[in-house]
Amino acid sequence: SLSDRLNLVFKKLKGHGRLSEANIQEALKDVRMALLEADVNFKVVKDFVEKVKIKAVGKDVLESLTPGQQFIKIVKDELTSILGGEAAGLNLGAKPPAPIMVVGLQGSGKTTTIAKLAKYLKAKGRTPYLVPADVYRPAAILQLRKLAKEINVDAFEDDAFKNPQEICKEALRIAGIKGYDTLLVDTAGRLHIDEPLMSELKQLKEILKPREILFVADAMTGQDAVNTAAGFNAVLDITGVILTKLDGDARGGAALSMTAVTGKPIKFVGIGEKVDAIEPFYPDRLAGRILG
Amino acid sequence: AFSSGMSRQEMIDALEETLITADIGVNVCSKMLEGLKNKPWTKDVGELKGYLKEAISNILKNCQSPLQPLALSHKPFVIMAVGVNGVGKTTTIGKLAAKFKADGKDVLLAAGDTFRAAAIEQIEVWAKRTGCDLIKQSHGGDPAAVAFDAVKAAVARDVDILILDTAGRLHTKTNLMDELKKIKRIINREISDAPHEILLVLDASTGQNALNQARMFNEAVGITGIALTKLDGTAKGGIVVAIADELKIPIRYIGVGETVEDLQDFDAKGFVEALI
Ligand SMILES: Nc1nc2c(ncn2[C@@H]2O[C@H](COP(=O)(O)OP(=O)(O)OP(=O)(O)O)[C@@H](O)[C@H]2O)c(=O)[nH]1
Ligand SMILES: Nc1nc2c(ncn2[C@@H]2O[C@H](COP(=O)(O)OP(=O)(O)OP(=O)(O)O)[C@@H](O)[C@H]2O)c(=O)[nH]1
Ligand SMILES: [Mg+2]
Ligand SMILES: [Mg+2]
């Protein structure tokens with residue numbers, strides 16, 4: 001593990017009371033390697049290592065720690081702070097219904113995540129209404145409706161409405177009448193470089209005026225995470241990220257890439273295929289996982 | 001970005017960035033850059049990239065092996081699509097069905113994902129679109145039972161090709177990998193040598209974890225081919241280089257979109273040109 005490697009690096013530096021540019025060179029290389037292996041984006045790693053170097057040079061090593069432990073603490077603290085310091089919740093505001101738009105690339109876990117969020121919000125006493133606005137993928141609307149039934153939550157069911165814009169308008173209208181306090185809108189997976197589909201999302205944002213625009217991203221995404229997150233953020237000004245499939249063994253470096261490039265917080269993580277497999281995001285846990 | 005005024009080290013650093021951001025991975029990248037040291041030095045970026053492309057092509061050329069010719073060797077030729085969640089298995093099956101039908105083959109599909117909501121209905125749409133019959137059972141049933149049914153039907157109906165869909169599953173879930181082994185055993189018991197192709201579907205935007213996926217799926221059921229999807233995005237899919245290097249598995253297809261025609265035979269040369 002990285003901490004084992006770093007402890008070894010610093011063993012040779014015993015007796016130094018202070019971290020210097022010279023004695024952390026090797027350690028910085030190891031950190032860089034660990035982050036690249038963890039799929040953190042190349043440029044993000046460069047900036048991160050530079051930040052760590054600035055924080056570490058000249059630092060007194062605390063009495064209770066070895067230089068290696070001191071260095072690891074600096075790295076982990078820096079990583080945790082970029083990842084968002086502490087778990088950011090949903091800002092659903094006062095006036096119902098609070099629309100939440102869920103967006104992202106194909107297959108990242110949006111539809112499943114909406115069901116998980118709905119179950120989570122219902123347990124907190126809210127009244128979610130699911131809106132299937134993916135008219136492209138075969139059986140996408142059916143998928144969300146089946147999940148809605150599974151968690152005993154209502155879903156927009158009027159098949160007369162054929163395009164996402166109309167579906168959203170009508171669902172908002174119904175939610176207002178029937179008094180649902182949260183709208184969860186499922187959108188089709190799409191590439192950030194698909195201009196017509198990205199402008200469709202812009203239109204949905206104008207119709208919904210969402211309280212949250214959540215970018216659902218796969219935890220195993222590699223270097224491309226900076227491009228997709230930046231792309232969606234540039235068009236929509238997302239309010240947060242949900243990282244899915246963290247129940248696998250991907251290190252999850254994409255999380256650092258995405259928060260670094262968008263400045264937006266990770267709000268939840270998906271940890272399984274079932275509708276209860278969601279939990280709030282804990283930055284220090286993910287930091288440990290990324291470092292390996 | 002490259003410029004003519006760069007020093008040798010700056011050139012190497014810029015090439016490293018190009019390789020890493022293509023998801024080539026740290027180990028393959030350092031091996032490639034080591035290899036550069038044995039080449040005559042040049043300031044010409046095109047020439048340096050040429051050396052790297054050559055090294056990558058040498059790894060990939062042994063993995064360019066199309067499925068089409070093989071499909072005639074057994075009847076029914078049984079293909080099983082496997083992979084982690086959301087990579088594009090079901091969609092790829094739909095595209096494959098269309099491709100084989102266009103070649104005049106008789107194709108049968110099987111709805112082997114009995115777990116995920118509306119998975120059966122999803123492949124049903126693809127079956128209708130491509131004019132293929134579909135073997136399915138009820139949601140929540142045993143996928144091995146669907147596989148058994150499908151193989152029996154494929155033989156009875158004398159089809160050319162049977163393609164079985166399976167539920168997405170993380171390679172780290174032992175019980176789900178055991179389930180996959182069971183499905184393979186069931187098929188193999190009914191038709192010796194089957195499944196003739198176990199196609200691992202990988203998402204081009206996946207990072208280093210794709211190597212773990214390939215290793216674990218290969219260890220569990222033996223992977224005979226790879227389909228790399230979503231190459232129409234900005235991800236380069238460089239992780240297949242490490243997979244090719246270590247496991248030598250043929251890369252059959254690339255997915256370049258969501259419609260039925262968006263499947264191409266893997267072309268190593270074109271892939272390498274787009275990679276760096
Ligand atoms: N293991 C695991 N699987 C997940 C998780 N979240 C979603 N999935 C699975 O990932 C696959 C894709 O999920 P979907 O909800 O269909 O993804 P999507 O983003 O809506 O896909 P598109 O609508 O096609 O873009 C399904 O097999 C889900 O069960 C997770 O946290 N862990
Ligand atoms: N852009 C693009 N999207 C693709 C490609 N292949 C599949 N998709 C999309 O990826 C999403 C997931 O595809 P599925 O076929 O449902 O994936 P899967 O592996 O069967 O998913 P699970 O069964 O849930 O594990 C869908 O939105 C597809 O349209 C591709 O080559 N390019
Ligand atoms: Mg969906
Ligand atoms: Mg599927």
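Keep in mind that what you see is a predicted model, and the values were worked out from it rather than measured. So that the names make sense, note that chain A is the first sequence line, chain B the second, and so on, each numbered from 1.
- Taking both residues in full, the closest heavy atoms of Asp232(B) and Ile193(A) are given as O-CD1, 3.5 Å, listed atom of the first, atom of the second, then distance.
- For a residue to count as touching a neighbouring chain, one of its non-hydrogen atoms must lie under 4.5 Å from one of that chain's; by this rule Asn227(A) touches chain B with the side chain only.
- With a 4.5 angstrom heavy-atom cutoff, Ile24(B) does not touch chain A via any of its atoms.
- At most 12 non-hydrogen atoms from other residues, nucleotides or ligands lie less than 6.0 angstrom from NZ of Lys31(B).
- Heavy-atom distances place no part of Asp194(A) under 4.5 Å from chain B, backbone and side chain included.
- Between Ile20(B) and Gln223(A), the shortest heavy-atom contact is O-CG, 3.1 Å.
- Contacts between Lys43(A) and chain B at a heavy-atom distance below 4.5 Å involve the side chain alone, from C-beta outward.
- Contacts between Arg137(A) and chain B at a heavy-atom distance below 4.5 Å involve the side chain alone, from C-beta outward.
- Side-chain contact between Val87(B) and Gln106(A) is absent, with no heavy-atom pair separated by less than 4.5 Å.
- Residue Lys116(A) qualifies as enclosed at atom NZ: its count of foreign heavy atoms under 6.0 Å is above 12.
- A heavy-atom distance below 4.5 Å is not found between the side chains of Asp203(B) and Met220(A).
- Chain A forms the most heavy-atom pairs under 4.5 Å with one residue out of Thr172(B), Thr234(B), Val125(B), Leu170(B), and that residue is Thr234(B).
- Atom OG1 of Thr18(B) is separated from atom CZ of Phe42(A) by 8.5 Å, given to the nearest 0.5 angstrom.
- Residue with the most contacts toward chain B among Ala254(A), Gly222(A), Gly253(A): Gly222(A) (heavy-atom pairs, distance under 4.5 Å).
- Nearest heavy atoms, Glu121(B) versus Lys146(A): OE2-NZ, 3.1 Å.
- Checked for salt-bridge contact, Glu16(B) and Arg32(A) meet the test: a charged N lies under 4.0 Å from a carboxylate O.
- Here Arg169(B) contributes atom CZ and Glu273(A) contributes atom CD; the two are 8.5 Å apart, rounded to the nearest 0.5 Å.
- For Ser205(B) and Asp224(A), the side-chain atoms include no donor-acceptor pair closer than 3.5 Å.
- Contact detail for Arg129(B) and Pro138(A): the closest heavy-atom pair is NH2-CG, 3.9 Å.
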Review point. Run the side-chain contact (heavy atoms from CB on, under 4.5 Å) check on Lys46(A) and Glu17(B) step by step: do they pass?
Key: CA-CA 10 Å; Lys46(A) 201 166 189 202; Glu17(B) 178 169 358; 5.6 Å; no

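- Considering only heavy-atom pairs separated by less than 4.5 Å from chain B, the leading option among Leu36(A), Asp249(A), Leu105(A) is Asp249(A).
- Side-chain contact of Gln208(B) with Glu37(A): a donor-acceptor pair under 3.5 Å is absent, judged by distance alone.
- Using a 4.5 Å cut-off between heavy atoms, Asn212(B) contacts chain A through its side chain alone, with no backbone atom that close.
- The two atoms that bring Ala118(B) and Ala139(A) nearest to each other are CB-O, 3.7 Å, heavy atoms only.
- For Lys173(B), the part lying near chain A is the side chain, with the backbone staying farther off; criterion is any non-hydrogen pair under 4.5 Å.
- Taking every heavy atom of both residues into account, Lys245(A) and Asn85(B) meet most closely at NZ-O, 2.9 Å.
- Contact of His171(B) with chain A is made through the side chain alone, with heavy-atom distances under 4.5 Å.
- To the nearest 0.5 Å, the span separating OG1 on Thr259(B) from OH on Tyr136(A) amounts to 14.0 Å.
- Heavy-atom distances place the side chain of Val84(B), and not its backbone, under 4.5 Å from chain A.
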